[in-house]
Amino acid sequence: MVKDGYKFAAAPLILGIGALGLHWSVLGGFLIFLGAFVLFFFRDPDRTAPVDPSVIVSPADGRVMVVVAESLGSVPGHRISVFLSIFDVHVNRTPVTGRITRIEYRTGKFYGAMRGRASTEQGDIVFKQIAGWVARRILCWKSVGDSVTRGERVGMIRFGSRVDVWLPERAEILVRPGQHVASGSSALARWQ
């Protein structure tokens with residue numbers, strides 16, 4: 001469980017218990033359900049990365065929406081976008097082992113994006129956390145210069161949205177649009 005979950009769930013749970021004590025059953029039941037859903041949303045299960053070190057894992061739980069050829073500057077590659085529904089685990093994990101070389105925060109009209117670049121033995125990759133108009137809150141628990149291992153927790157997006165992973169062209173893509181993936185354990189691609 002992510003600690004923030006307790007903070008967000010406490011008020012509806014306490015108010016729900018109070019409402020039940022006043023015999024306001026419908027309101028009390030709704031508030032307790034809301035508090036329980038918040039606890040469900042902030043769950044953080046343990047995950048095990050594949051044994052094969054050439055595998056690049058999904059940074060998020062969700063459905064693969066897009067797999068597209070996309071260059072990063074002059075470097076050809078692919079972008080994989082994973083959409084997180086409110087029912088998915090929202091803790092994000094590193095897709096590869098490496099060192100964080102850059103973290104950027106960009107604001108927008110209805111979204112925020114935290115973009116990190118990691119340098120690996122195989123080259124650079126880019127991982128973006130993108131918050132939608134409801135979520136609007138990205139947590140990044142790492143700093144520039146931090147070494148990370150594949151599948152390690154790096155942050156979360158509160159209440160939904162998506163993550164993007166950009167990989168250089170020499171990574172073999174293993175997923176397709178519509179496929180459901182799990183953070184830290186599902187293979188997105190493999191270094192060739």
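Residues take their numbers from the sequence shown, with the count starting at 1.
Judged as a side chain to side chain donor-acceptor pair (under 3.5 Å), the pairs with a partner in residues 53-64 (not counting sequence neighbours) are, in order, Arg47-Asp61, Asp52-Ser54, Asp61-Ser183. Here salt bridge (charged side-chain N to carboxylate O under 4.0 Å, His left out) pairs that include residues 173-186, with residues two or more places apart or in two chains, number zero. Listed by first and then second residue, the side chain to side chain donor-acceptor pair (under 3.5 Å) pairs that reach into residues 2-15 are Asp4-Arg158, sequence neighbours excluded. Residue pairs meeting the side chain to side chain donor-acceptor pair (under 3.5 Å) criterion with at least one member in residues 17-40: none, sequence neighbours excluded. A salt bridge (charged side-chain N to carboxylate O under 4.0 Å, His left out) check over residues 12-35, counting only residues at least two apart or in different chains, returns nothing. Screening residues 78-91 for salt bridge (charged side-chain N to carboxylate O under 4.0 Å, His left out) gives Glu70-Arg79 as the qualifying pairs, with residues at least two apart or on separate chains. Sorted by first then second residue, the salt bridge (charged side-chain N to carboxylate O under 4.0 Å, His left out) pairs that include residues 12-31, not counting sequence neighbours, number zero.
Remark: Glu152 pairs with Thr94, Lys142, Val148, Thr149 by the side-chain contact (heavy atoms from CB on, under 4.5 Å) rule, at least two apart or across chains. Remark: Asp146 pairs with no residue by the salt bridge (charged side-chain N to carboxylate O under 4.0 Å, His left out) rule, at least two apart or across chains. For Phe87, the side-chain contact (heavy atoms from CB on, under 4.5 Å) criterion is met by Phe37, Phe40, Ser85, not counting sequence neighbours. Partners of Glu169 by salt bridge (charged side-chain N to carboxylate O under 4.0 Å, His left out), not counting sequence neighbours: none found.
Under a hydrophobic clustering in which Ile, Leu, Val, Met, Phe, Trp and Tyr are joined whenever their side-chain heavy atoms come within less than 4.5 Å, directly or via other members, Leu15 and Leu13 fall into different clusters. Under the 4.5 Å side-chain heavy-atom criterion for grouping Ile, Leu, Val, Met, Phe, Trp and Tyr, Ile14 is not connected to Phe33 through any hydrophobic cluster. Phe8 and Phe30 are not part of a single hydrophobic cluster, where members link through side-chain heavy atoms under 4.5 Å apart. In the hydrophobic clustering of this structure, Phe42 groups with Leu39; members are Ile, Leu, Val, Met, Phe, Trp, Tyr whose side-chain heavy atoms approach within less than 4.5 Å, directly or through other members.
Checking side-chain atoms of Arg162 against main-chain N and O of Val82 turns up no donor-acceptor pair under 3.5 Å.
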Verify side chain to side chain contact (heavy atoms under 4.5 Å, CB included) between Val163 and Ile80, making sure each step is shown before the conclusion.
CA-CA 8 Å; Val163 298; Ile80 302 169; over 6 Å; no
Just do the side chain to side chain contact (heavy atoms under 4.5 Å, CB included) check on Val144 and Thr101 with the steps written out, would you?
CA-CA 5 Å; Val144 173; Thr101 59; 5.7 Å; no
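Between Ser81 and Val64, every side-chain heavy-atom pair lies at or beyond the 4.5 Å cut-off. Contact of the Val89 side chain with the Arg43 side chain is registered, since non-hydrogen atoms from C-beta on lie closer than 4.5 Å. Using a 4.5 Å heavy-atom threshold, the side chains of His78 and Trp166 count as separate. Using a 4.5 Å heavy-atom cutoff, the side chains of Ile100 and Ser143 are not in contact. Side-chain contact between Val175 and Val181 is present, with heavy atoms from C-beta onward closer than 4.5 Å. Contact check for Trp141 versus Val154: no side-chain heavy atoms found under the 4.5 Å cut-off. Between Arg153 and Asn92, the closest side-chain pair of non-hydrogen atoms is not below 4.5 Å. Leu174 places a side-chain heavy atom less than 4.5 Å from the side chain of Arg190.
Closest non-hydrogen pair, Gly35 versus Ala9, comes out as O-CB, 3.5 Å. Across all their heavy atoms, Ile125 and Pro168 have their closest contact at CG2-CD, 4.2 Å. Across every non-hydrogen atom of Phe83 and Ser161, the tightest pair is CD1-O, 3.5 Å. Closest approach of Ala60 to Leu84, counting heavy atoms only: CB-CD1, 3.9 Å. Here the closest non-hydrogen pair linking Arg150 and Pro95 is CG-O, 3.3 Å. The minimum heavy-atom distance linking Arg99 with Ser147 is given by the pair NH2-OG, 3.1 Å.
To the nearest 0.5 angstrom, Leu167 atom CG is 5.0 Å from Ile173 atom CD1. Taken from CD in Gln179 to OG in Ser186, the straight-line distance is 7.5 Å, to the nearest 0.5 Å. Put simply, OG1 on Thr97 and CD1 on Ile56 are 11.0 Å apart, with the number rounded to the nearest 0.5 Å. Rounding to the nearest 0.5 Å gives a distance of 4.0 Å between CG of Asp164 and CD1 of Ile130.
Checked for salt-bridge contact, Asp124 and Arg102 miss the test: no charged N lies under 4.0 Å from a carboxylate O.
Hydrophobic side-chain contacts under 4.5 Å tie Val57 into a cluster, directly or through other members, with Val55.
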